[in-house]
Amino acid sequence: MKASPLSAPTLVETVAASIAERIAGRQLMPGARLPSVRAFAEAMGVSKSTVVEAYDRLGAEGAIVARRGSGFYVAGKTRPLCLKTVGPQLDRAVDPLWITRQSMQAGPDLVMPGSGWLPAAWMPDAAIRRGLRQLARGGEANLVAHDQPLGFPPLRAQIARRLAEKGVEVGADQVVLVDSATQAVDLLCRFLLEPGDAVLVDDPCYFNYHALLRAHRARIVGVPLTRSGPDLAALDALMAEHRPRFYLINSALQNPTGSTLAPATAHRVLKLAEAHDTLIIEDDIFGDFEVEPSPRLAGFDGLERVIQVGSFSKTLSAAVRCGFVALREDWVEPLIDLKLAMSLGNSHLSASLMHGLLTDGTYRRHLGEVREKLARAMAPALRRLEACGLTAWLEPAGGFFLWMRLPAGVDSADVARRALARGLVLAPGGAFSPSSLGDSFLRFNVAQCADPRMIPMLEAALAECAA
C-alpha cells in the first residue's frame, strides 16, 4: 500500500502499510490472527478508528478477512517472498541486489570500481577455450549425464590436496562439489537453519550474505570487525546473547575490507565457538589471492566445528560454475541428500574443465600473473583515492579490495547515487553493514580503478555531496 507521491502518508496509510509489509515479509502468515483493534491501536499509538479504517482497506484489497465474532485474519495463500520487505528498507542505490544488477548489466560506457570481480581481460580466456575443446574431443568426457552425488572424483581429490597446502587436512570424500560458493552457503543454510535462528556475520561483510540469510528467514547479527578479525569481546557477548546457529566469515582477504584473520584471533574465535556451541562457516573464496597462505579456521579446528566453502569464480571464471563444501564426515551424506533434492547434482562439465585447468598448470600460472597485477595496481589506486580525500581503513596484504573512509559528513549512499548519474558504479558501505558502521565507507576494486574517467567522476560526485 502506497501513499500518493505528492503528499505524506496519512495515519491510516501508515498503519495499513505496516501490516502489508509484515504479510509480504512473512512475519504474518496466511491464517494468522491480527491483533484486536484496541491492541493494535495502543501498539501503534493511534486511535481505534484509524485501525478500523486500515483493516477495512486491507480487507477491500483481499489482504485480510474478517471473521464474525473472531477478528481479522491474514487471507489467501503465502505470497512469493520479496526480499525488499525483509530486513531494513535500504535506498535502492545501496541495496546489495541493486549493486549486483548494475555490475552485471554494465555496458562498456560504465566505470565499475565498485564491482566484485576482476576485469575480463585479466582472465585466461584462451586457456579456458582450449580446455573446453579438449573436453569435447575426449572420448571419456561425460557431456550429457548427471555427475556422481559427491561430484567429479578427480577434482575432489585435487581440492583436498590444495586444502592440505593451507593446513586443512581433509579426505576427498569430505569434499562435496557444488556450482558456486553462494550455492554452498545456501545449501548449508537449508541444512542448518530454522526460521528465526540467529546468524553472526562480520560488520561489514559481503553484502550478498545479508540477502541470502534474509531469504532463509534468519536473524542477522553483525560482529564489529577489527583489522585482525572480529572484536573478540563483542563476539563473546553476541554469542552469549543470541545463541547463533553459526558464524559466517571470510578468514583471508575479507570482503569488503581486505583484512585477514590473525592466528591469535583465530584461536580465540574457535574457543568462543566451542564455549557457546556455535558452528562456523568459513568462506575461503579469496584465499587463493594470498601470496603466502594465512592460517585457516578449518585447519586449526580439523573440520569439527568449522565448515569451509570455496569456489573458482573470483579467481578463474564466473561462467565456469564450480565450488565446494568441505565438512565433517558424518554430515556428508545428509548434505548430499539435500543437494540432490535441490538440484540433482552439480555441473560435471564445469568440474571436468576445472580439474583440467588445475592439473595442466593453467590455474597456477594464471594466479601468479593476477597476484602480480594486483600488487602493481594496489598502491596507485590507493594514492589516487587518498588524493580525493578518502582514507584507507587498512592497506591489505593482497587481494583486490580497498575499504575507504569518506570525508566527514559524507554518506556513501549519497555519493553512489550521484556517481551513478555520471556512469560510475560504486559499492556504498551501507550495503555491507547490518548496522550503520559502513555508511561512511566505499569499497573499491583496485583491478577496476585504472580507468582515467574514474577520479573525475568520483571528485564531481563528492563535490556535489559537499555542496
Side-chain angles (χ1 to χ4, degrees), residues 1-92 94-98 185-201 208-222 241-246 338 341-342 434-435:
M1 170 154 316
K2 295 182 179 179
S4 165
L6 299 178
S7 61
T10 66
L11 281 176
V12 172
E13 289 168 338
T14 300
V15 172
S18 173
I19 299 168
E21 286 172 4
R22 296 183 195 184
I23 294 172
R26 299 185 182 178
Q27 295 171 313
L28 290 171
M29 301 295 286
R33 187 175 186 274
L34 296 177
S36 69
V37 170
R38 181 189 297 275
F40 201 70
E42 292 176 355
M44 295 289 291
V46 297
S47 67
K48 289 186 288 185
S49 62
T50 297
V51 176
V52 168
E53 187 174 346
Y55 280 4
D56 284 343
R57 291 193 182 192
L58 291 168
E61 294 176 0
I64 66 175
V65 294
R67 297 179 185 173
R68 186 181 299 275
S70 178
F72 293 88
Y73 293 80
V74 179
K77 298 180 180 179
T78 303
R79 298 179 181 180
L81 177 64
C82 177
L83 288 178
K84 286 195 296 181
T85 65
V86 184
Q89 299 302 300
L90 299 176
D91 186 288
R92 203 60 177 155
V94 301
D95 186 296
L97 300 177
W98 178 93
V185 176
D186 179 48
L187 185 65
L188 290 168
C189 285
R190 296 172 189 271
F191 183 55
L192 297 170
L193 290 180
E194 295 289 342
D197 282 349
V199 174
L200 298 185
V201 297
N208 204 47
Y209 288 167
H210 304 168
L212 183 56
L213 291 169
R214 288 201 300 269
H216 285 283
R217 314 300 298 140
R219 290 187 292 115
I220 303 170
V221 180
E241 178 182 357
H242 296 281
R243 308 296 299 175
R245 187 68 174 108
F246 60 78
L338 186 56
M342 289 171 55
S435 69

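Since this is a predicted model, take the numbers as computed values, not measurements.
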S.K.: Which pairs pass salt bridge (Lys or Arg N to Asp or Glu O under 4.0 Å) with one or both residues in residues 187-196, sequence neighbours excluded?
M.R.: Asp186-Arg190
S.K.: Any sub-3.5 Å donor-acceptor pair from Arg219's side-chain atoms to Gly196's backbone N or O?
M.R.: yes
S.K.: Checking side chain to side chain contact (heavy atoms under 4.5 Å, CB included) between Phe246 and each of Asp197, Leu193, Leu200, Leu188, which is the one that passes?
M.R.: Leu193
S.K.: Once side-chain hydrogen bond (donor to acceptor under 3.5 Å, both in side chains) is applied, what residue pairs with a partner in residues 32-47 remain, sequence neighbours excluded?
M.R.: Ser47-Ser49, Ser47-Thr50
S.K.: Verify side-chain contact (heavy atoms from CB on, under 4.5 Å) between Val51 and Met44, making sure each step is shown before the conclusion.
M.R.: CA-CA 9 Å; Val51 176; Met44 295 289 291; 5.7 Å; no
S.K.: How many angstroms lie between CD1 in Ile19 and OG1 in Thr14, if you round to the nearest 0.5 Å?
M.R.: 11.0 Å
S.K.: What pair of heavy atoms forms the shortest contact from Ala54 to Ala16, and how long is it?
M.R.: CB-N, 3.9 Å
S.K.: Does some side-chain heavy atom of Phe40 sit less than 4.5 Å from a side-chain heavy atom of Leu34?
M.R.: no
S.K.: Considering all heavy atoms of both residues, which atom of Ala75 and which atom of Gly62 are nearest to each other, and what is their separation?
M.R.: CB-O, 3.5 Å
S.K.: Taking Val15 as the fixed residue, which of Val52, Val46, Leu58 is the one that meets the side chain to side chain contact (heavy atoms under 4.5 Å, CB included) rule?
M.R.: Val46
S.K.: State plainly whether the residues Arg57 and Glu53 are in salt-bridge range, i.e. N to O under 4.0 Å.
M.R.: yes
S.K.: Using side-chain heavy atoms (C-beta onward) and a distance below 4.5 Å, is Val221 in contact with Pro244?
M.R.: no
S.K.: Taking all non-hydrogen atoms of both residues, which atom of Gly222 and which atom of Pro434 are closest, and how far apart?
M.R.: CA-CG, 3.7 Å
S.K.: Could you go through residues 65-73 and list every donor-acceptor pair under 3.5 Å that involves a side-chain atom there, pairing it with any protein atom two or more places apart or in another chain?
M.R.:
unit_1	atom_1	unit_2	atom_2	d
Ser70	OG	Tyr73	OH	2.5

